[in-house]
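For reference, the structure is listed below as structure tokens.
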Amino acid sequence: MSTQAALPDLSDDVCARLRDAFRRTGYDADGVVDVLGSAHAALGRGEPEPAHRATRDSGELGTLIRLFLLGSTEPEKDVEAAFAPLPIDDAVAATLLVPAADGYRAGLDVRPHGDDNGSWWVVADLDADILGQTVPEDHVLGVGHASLSLIRATSRREVGSLLDLGTGNGVQALHATRHAKKVTATDVSARALALAAATFRLNELDVELVRGEWFAPVARRRFDQIVCNPPFVVGPPRVDYTYRDSGLAGDDASALVVRQLPGFLEDGGTGHLLASWLHVEGEDWGDRVTRWLPAETDAWFVQRDIADPGLYVGTWLRDAGIDPRSPEGRAKSGAWLDWFAENDVQGIGFGFVTLRHASGRTPTIVCEDLRQAYDDPLGAEAANWLDRVEWLRTNGDSLLDVRFRVPESVLLESVAEPGVEGWATTVQRLHRTDGPGWSHEVDELATRLLAGCQGALPLEDLIVLLAAARGLEPEELAAAALPVVRELVRHGMLLPAV
């Protein structure tokens with residue numbers, strides 16, 4: 001593993017000149033996509049040659065794309081033109097550029113990152129593929145799949161204060177500036193804070209930066225919202241890379257964040273984080289993560305994947321640029337797998353956690369598998385889930401008086417099989433076509449009850465009518481229906497009529 005590099009110093013002046021160069025050349029999210037076209041998808045698959053070809057006639061913008069996104073060495077005169085008004089010597093001094101035999105190559109990863117409202121630039125370290133070697137311990141990761149998934153899983157409702165715990169390159173805080181009046185970002189890594197500061201400076205954003213472990217830098221403070229992409233890799237208690245390893249054993253890093261985060265929220269404040277948890281022989285994963293929770297905390301654990309230990313270890317070795325077939329890779333893999341075996345680990349769960357500080361209220365805690373594919377961002381759904389949980393907490397004892405409606409996004413699917421008398425329905429399933437695409441199997445009584453939920457009659461009247469039609473006791477039908485109604489409300493498949 002290579003030694004730690006000197007901290008970069010991207011001053012206000014350097015960032016201002018670099019920003020001018022980027023704006024002048026069109027080096028932003030839209031500009032890069034316009035130049036690369038279909039080659040952009042190929043680059044995401046790790047296939048750089050189409051991108052090289054696409055940038056041949058793109059002038060100074062093409063030079064910046066090849067430098068920062070493709071890891072190419074570019075001629076001095078082309079680099080000088082693309083970086084103007086930032087002199088090359090200043091860029092080298094700031095570690096943005098590194099002299100090479102035939103010109104210059106990138107010393108840092110600086111790339112556009114956008115959302116529906118515009119584009120930023122994110123400053124990070126070069127990955128192992130471009131470096132051509134394993135990354136150092138204090139490596140600052142770029143915007144990867146985990147970062148993007150947390151961005152999509154975070155509620156964007158307006159808040160007064162937001163904490164980005166373990167900011168890394170600062171991308172979560174960038175998005176937070178869209179909806180939070182004040183953003184604070186922390187990290188244990190001095191290098192991460194230096195690059196995050198460069199990210200914020202380059203984008204002309206005012207974000208408070210504080211160094212320290214976990215919640216120590218913000219002791220005795222409270223926030224309206226907290227986002228966290230912690231070092232959630234599970235395994236032996238070691239730190240190979242600060243961006244992913246906590247030094248805590250197993251899933252203790254995720255447990256620590258879940259356990260402590262609610263105490264730093266204002267009442268009603270929310271937390272959104274990525275987490276991993278062990279699947280241990282003889283233990284339900286939901287029971288495991290529920291034990292992490294403090295009192296008075298609403299919690300929604302969403303499991304998106306379960307990894308086999310062998311696949312998990314190989315993936316993270318490659319992430320650091322280590323070949324699992326090499327002597328180093330085999331040694332690390334062996335120690336990792338031995339730890340899993342000694343601790344009866346059968347799999348590693350990964351997913352999102354949404355928390356809310358619910359002072360003085362009986363909490364709602366739900367653990368769900370959502371491993372199916374869906375396109376909608378989970379952030380808006382998480383906020384709505386919390387709304388529905390609060391509504392049920394307030395109205396749960398008077399559901400019979402409520403007029404409900406089935407949203408247009410909910411469909412009834414029927415599965416039938418052929419028989420001697422024609423097709424016979426074997427399964428009826430409610431399916432929500434938006435959000436995470438929940439499905440619920442329902443019986444014939446439930447489908448008839450839901451058919452009447454059109455916002456006109458209260459639930460009690462619908463139950464009385466259905467019971468009379470079927471020769472049933474209304475009280476018994478209500479007792480059977482109410483748990484189903486609560487679950488459908490929680491999943492947004494049955495809503496109170498306005």
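The first residue in the sequence is number 1, and the count goes up from there.
Nearest heavy-atom pair, Gly142 versus Ser147, reported as atom, atom and distance to 0.1 Å: O-OG, 4.3 Å. When all heavy atoms of Val32 and His40 are compared, the pair lying nearest together is CG1-CD2, 4.3 Å. In plain terms, the two heavy atoms of Leu67 and Ser72 that are nearest each other are CD2-O, 3.6 Å. The two residues Ser119 and Arg178 make their nearest non-hydrogen contact at N-NH2, 4.3 Å. Looking at every heavy atom in both residues, Gly212 comes nearest to Pro217 through CA-CG, 3.4 Å. Minimum interatomic distance between Gly168 and Val140 (heavy atoms only, all atoms of both residues): C-CG1, 4.0 Å.
Each side chain to side chain donor-acceptor pair (under 3.5 Å) pair with one or both residues in residues 306-317, not counting sequence neighbours, would appear here, but there are none. Screening residues 138-178 for ring pair (Phe, Tyr, Trp, His ring centres under 6.0 Å) gives His113-His175, Trp120-His175, His139-Tyr243 as the qualifying pairs, with residues at least two apart or on separate chains.
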N/O donor-acceptor pairs under 3.5 Å from side chains in residues 334-355, not counting sequence neighbours:
unit_1	atom_1	unit_2	atom_2	d
Trp336	NE1	Val234	O	3.0
Asn343	ND2	Trp339	O	2.8

Under 3.5 Å donor-acceptor pairs involving side-chain atoms of residues 257-267, not counting sequence neighbours:
unit_1	atom_1	unit_2	atom_2	d
Asp267	OD1	Ser359	N	3.0

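Using a 3.5 Å distance cut-off with no hydrogens or angles, the side chains of Thr167 and Asp164 do pair a donor with an acceptor. Counting only N and O atoms by type, the side chains of Asp369 and Gln303 include a donor and acceptor under 3.5 Å apart.
Asp125 pairs by the side chain to side chain donor-acceptor pair (under 3.5 Å) definition with Arg191, not counting sequence neighbours. For Arg432, the salt bridge (charged side-chain N to carboxylate O under 4.0 Å, His left out) partners two or more places apart in sequence, or in a different chain, are Glu381, Asp434. Partners of Glu208 according to the side-chain contact (heavy atoms from CB on, under 4.5 Å) rule, which considers only residues two or more places apart in sequence or in another chain, are Lys182, Thr184, Val210, Arg221. For Ala194, the side-chain contact (heavy atoms from CB on, under 4.5 Å) partners at least two apart in sequence or on another chain are Pro8. By the salt bridge (charged side-chain N to carboxylate O under 4.0 Å, His left out) test, Asp224 is found to be paired with no residue, residues two or more places apart in sequence or in another chain being considered. Partners of Glu204 according to the salt bridge (charged side-chain N to carboxylate O under 4.0 Å, His left out) rule, which considers only residues two or more places apart in sequence or in another chain, are Arg19, Arg23. Listed by chain and residue number, His491 satisfy the ring-ring contact (aromatic ring centres under 6.0 Å, His included) test with His440 (two or more places apart in sequence, or in another chain). Applying the salt bridge (charged side-chain N to carboxylate O under 4.0 Å, His left out) criterion to Asp251, with sequence neighbours excluded, gives Arg288.
More than 12 non-hydrogen atoms from other residues, nucleotides or ligands lie less than 6.0 angstrom from CD of Gln372. Within a 6.0 Å sphere centred on CD of Glu213, other residues, nucleotides and ligands contribute 12 heavy atoms or fewer. Heavy-atom contacts from other residues, nucleotides or ligands closer than 6.0 Å to CZ of Arg325 number 12 or fewer. Atom CZ of Arg330 sits in a sparse spot, with 12 or fewer heavy atoms from other residues, nucleotides or ligands closer than 6.0 Å. Residue Asp287 qualifies as enclosed at atom CG: its count of foreign heavy atoms under 6.0 Å is above 12.
Val227 is not listed as a side-chain neighbour of Leu163, based on a closest heavy-atom distance of 4.5 Å or more. Between Leu256 and Leu248, some side-chain heavy-atom pair lies under the 4.5 Å cut-off. When side chains are defined from C-beta on, Leu412 does not count as touching Arg429, because their heavy atoms never get closer than 4.5 Å. In this structure, Leu148 and Ile151 have side chains that are in contact, with non-hydrogen atoms separated by less than 4.5 Å. Taking the side chain as every heavy atom from C-beta outward, His179 and Leu162 approach each other to under 4.5 Å. At least one side-chain heavy atom of Arg486 sits under 4.5 Å from a side-chain heavy atom of Leu399. For the pair Thr364/Trp300, no side-chain contact is recorded, criterion being any heavy-atom separation below 4.5 Å from C-beta on. Taking 4.5 Å as the limit, every side-chain heavy atom of Phe404 sits out of range of all side-chain heavy atoms of Leu450.
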Please evaluate residues Val188 and Trp214 with respect to the criterion side-chain contact (heavy atoms from CB on, under 4.5 Å), reporting the C-alpha separation (whole Å), side-chain torsions for both, the decisive distance (0.1 Å), and the verdict. CA-CA 7 Å; Val188 69; Trp214 303 112; over 6 Å; no

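One finds no salt bridge joining Asp187 and Arg211 here, because no Lys/Arg side-chain nitrogen approaches an Asp/Glu carboxylate oxygen to under 4.0 Å.
Evaluated for a salt bridge (charged side-chain N to carboxylate O under 4.0 Å, His left out) with Asp298, the options Arg361, Arg490, Arg388, Arg356 yield exactly one hit, Arg356.
Side-chain N or O atoms of Glu296 include none that pairs as donor or acceptor with a backbone N or O of Ala358 at under 3.5 Å.
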